[in-house]
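See structure below.
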Amino acid sequence: MSFKTIGNIDVTIADAYIAEPKWDAKPGEKNNRGVPVTVWGDLCIIVKDDQGNTDVWKGELSNRTGNGTKSHLEQTAITLERLVEIGFNVPTFTDLMNQCNDDNVLPNLIGMRCTVTTEEVTYTGKDGTQKTGIFTRYLNRLGA
């Protein structure tokens, strides 16, 4: 069951794993530094509130460059920055990968408390109709 409210919600991390990327590199795609883009996967964090509502936050693991104020960083660095912010001290990609077990699960993230920010999103459904839903946008330290 997904979140029903928009705003900041305190949650517990119910699962955390590295999965296949949602957006792989396009042929010939380069980042802002002119380097070919490599996508290693997505960090998927399943969050659950006190009422049992759940959602997934995804952090991309790639050398794609960010946008706006994060345009000087690669997506992996942005993802790691979020993890450090919530108290999971993995400042490097190697540190993150050392936390993974053989199933690409990060057991030390499971059970951590943090806060997510949800927002309403309008999207086109698989049937071509416009739909709206409430999705997790940001992962923050508890209470932020």
Side-chain angles (χ1 to χ4, degrees), residues 1-27 29-126 130-144:
M1 183 182 305
S2 62
F3 294 125
K4 306 289 185 239
T5 58
I6 299 169
N8 294 333
I9 303 168
D10 292 342
V11 295
T12 301
I13 296 175
D15 200 2
Y17 54 90
I18 296 176
E20 292 294 318
K22 183 172 183 177
W23 292 289
D24 211 346
K26 296 175 188 152
E29 181 180 2
K30 295 186 178 187
N31 66 18
N32 290 351
R33 293 175 190 81
V35 176
V37 168
T38 302
V39 182
W40 299 284
D42 288 336
L43 172 61
C44 299
I45 296 179
I46 309 300
V47 294
K48 184 176 183 179
D49 70 10
D50 295 336
Q51 287 75 45
N53 300 309
T54 62
D55 198 10
V56 61
W57 177 88
K58 289 185 178 184
E60 185 175 316
L61 300 172
S62 78
N63 68 338
R64 256 190 205 109
T65 40
N67 300 311
T69 61
K70 303 286 185 180
S71 63
H72 64 290
L73 296 173
E74 293 179 354
Q75 289 297 329
T76 296
I78 295 167
T79 297
L80 294 173
E81 196 176 74
R82 286 290 88 215
L83 293 177
V84 169
E85 166 73 15
I86 68 166
F88 193 61
N89 191 21
V90 289
T92 69
F93 184 70
T94 301
D95 293 333
L96 176 68
M97 296 314 292
N98 286 339
Q99 291 288 320
C100 287
N101 65 21
D102 292 340
D103 295 323
N104 286 331
V105 172
L106 291 112
N108 293 334
L109 256 175
I110 299 169
M112 287 186 70
R113 298 274 295 160
C114 57
T115 299
V116 294
T117 302
T118 60
E119 60 184 36
E120 187 173 71
V121 175
T122 301
Y123 61 97
T124 303
K126 291 179 182 179
Q130 289 292 103
K131 299 180 184 274
T132 60
I134 298 174
F135 297 97
T136 297
R137 177 75 189 253
Y138 300 107
L139 184 71
N140 306 301
R141 75 179 178 281
L142 187 62

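- A donor-acceptor pair under 3.5 Å is absent between the side-chain atoms of Asp42 and the main chain of Lys58, judged by distance alone.
- With hydrogens and angles disregarded, no donor-acceptor distance shorter than 3.5 Å links the side chain of Thr122 to the backbone of Thr132.
- For the pair Lys26 (side chain) and Asp24 (backbone), a donor-acceptor distance under 3.5 Å is absent.
- Closest approach of Gly87 to Met112, counting heavy atoms only: C-CE, 3.8 Å.
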Start with the C-alpha distance between Asn140 and Cys114, add both sets of side-chain angles, then the distance that settles side-chain contact (heavy atoms from CB on, under 4.5 Å), and finish with yes or no.
CA-CA 6 Å; Asn140 306 301; Cys114 57; over 6 Å; no
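- Thr118 contributes a side-chain N or O that, together with a main-chain N or O of Thr5, makes up a donor-acceptor pair within less than 3.5 Å.
- No side-chain heavy atom of Asn8 sits under 4.5 Å from any side-chain heavy atom of Tyr138.
- Separating the CD1 atom in Ile78 from the CG atom in Leu83 is a distance of 12.5 Å, to the nearest 0.5 Å.
- A search for salt bridge (charged side-chain N to carboxylate O under 4.0 Å, His left out) contacts involving Lys22 returns nothing, not counting sequence neighbours.
- Across all non-hydrogen atoms, the minimal contact from Arg64 to Glu29 is NE-OE2, 2.8 Å.
- Rounding to the nearest 0.5 angstrom, the gap separating the CG atom in Leu139 from the CG atom in Leu43 is 9.0 Å.
- By the ring pair (Phe, Tyr, Trp, His ring centres under 6.0 Å) test, Phe93 is found to be paired with Trp40, residues two or more places apart in sequence or in another chain being considered.
- In the model, Thr76 has no side-chain atom that pairs as donor or acceptor with a side-chain atom of Glu60 under 3.5 Å.
- In this structure, the side chain of Asn63 does not engage the main chain of Glu74 through any donor-acceptor pair within 3.5 Å.
- Within the model, atoms CZ of Phe3 and OG1 of Thr54 stand 7.0 Å from one another, a figure rounded to the nearest 0.5 Å.
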side-chain contact (heavy atoms from CB on, under 4.5 Å) evaluation trace for Asp15 with Ile110:
CA-CA 5 Å; Asp15 200 2; Ile110 299 169; 3.8 Å; yes
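- Within a 6.0 Å sphere centred on CD of Glu20, heavy atoms belonging to other residues, nucleotides or ligands number 12 at most.
- For Lys70, the salt bridge (charged side-chain N to carboxylate O under 4.0 Å, His left out) partners at least two apart in sequence or on another chain are Glu81.
- Pairing each heavy atom of Asp10 with each of Gly143, the nearest pair is OD1-N, 3.9 Å.
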As a quick check of understanding, evaluate salt bridge (Lys or Arg N to Asp or Glu O under 4.0 Å) for Arg113 and Asp50, giving each step before the final call.
CA-CA 11 Å; Arg113 298 274 295 160; Asp50 295 336; 3.6 Å; yes
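- Taken from CG in Leu80 to OG1 in Thr92, the straight-line distance is 7.0 Å, to the nearest 0.5 Å.
- In terms of the ring pair (Phe, Tyr, Trp, His ring centres under 6.0 Å) criterion, residue partners of Phe135 (sequence neighbours excluded) are, by chain and number, Tyr123.
- With sequence neighbours excluded, no residue satisfies salt bridge (charged side-chain N to carboxylate O under 4.0 Å, His left out) with Asp103.
- Phe88 is not listed as a side-chain neighbour of Asp95, based on a closest heavy-atom distance of 4.5 Å or more.
- The CE atom of Met97 lies 5.5 Å from the CG atom of Asn104; values are rounded to the nearest 0.5 Å.
- Between Ile9 and Val47 the shortest side-chain heavy-atom distance does not fall below 4.5 Å.
- To the nearest 0.5 Å, atom OG1 of residue Thr115 and atom CD of residue Glu85 are 10.0 Å apart.
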Start with the C-alpha gap between Thr79 and Trp57, add the side-chain angles, then the distance that decides, and say whether side-chain contact (heavy atoms from CB on, under 4.5 Å) holds.
CA-CA 11 Å; Thr79 297; Trp57 177 88; 4.2 Å; yes
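- For the pair Arg137 (side chain) and Glu120 (backbone), a donor-acceptor distance under 3.5 Å is absent.
- Side-chain atoms of Thr136 never come within 3.5 Å of backbone atoms of Asp55 as a donor-acceptor pair (strictly under, hydrogens ignored).
- A pairwise comparison of heavy atoms in Ile18 and Cys100 identifies CD1-SG, 3.6 Å as the closest pair.
- Applying the salt bridge (charged side-chain N to carboxylate O under 4.0 Å, His left out) rule to Arg82 yields no partners; only residues at least two apart in sequence or on another chain are considered.
- What you find for Ala25 and Val37 is that their closest heavy atoms are CB-O, 3.4 Å.
- Looking at heavy atoms from C-beta onward, Asp49 lies out of side-chain contact with Val116 at the 4.5 angstrom threshold.
- Looking only at side-chain heavy atoms (C-beta outward), Leu109 and Gln99 stay at 4.5 Å or farther from each other.
- Between Thr124 and Lys131 the shortest side-chain heavy-atom distance does not fall below 4.5 Å.
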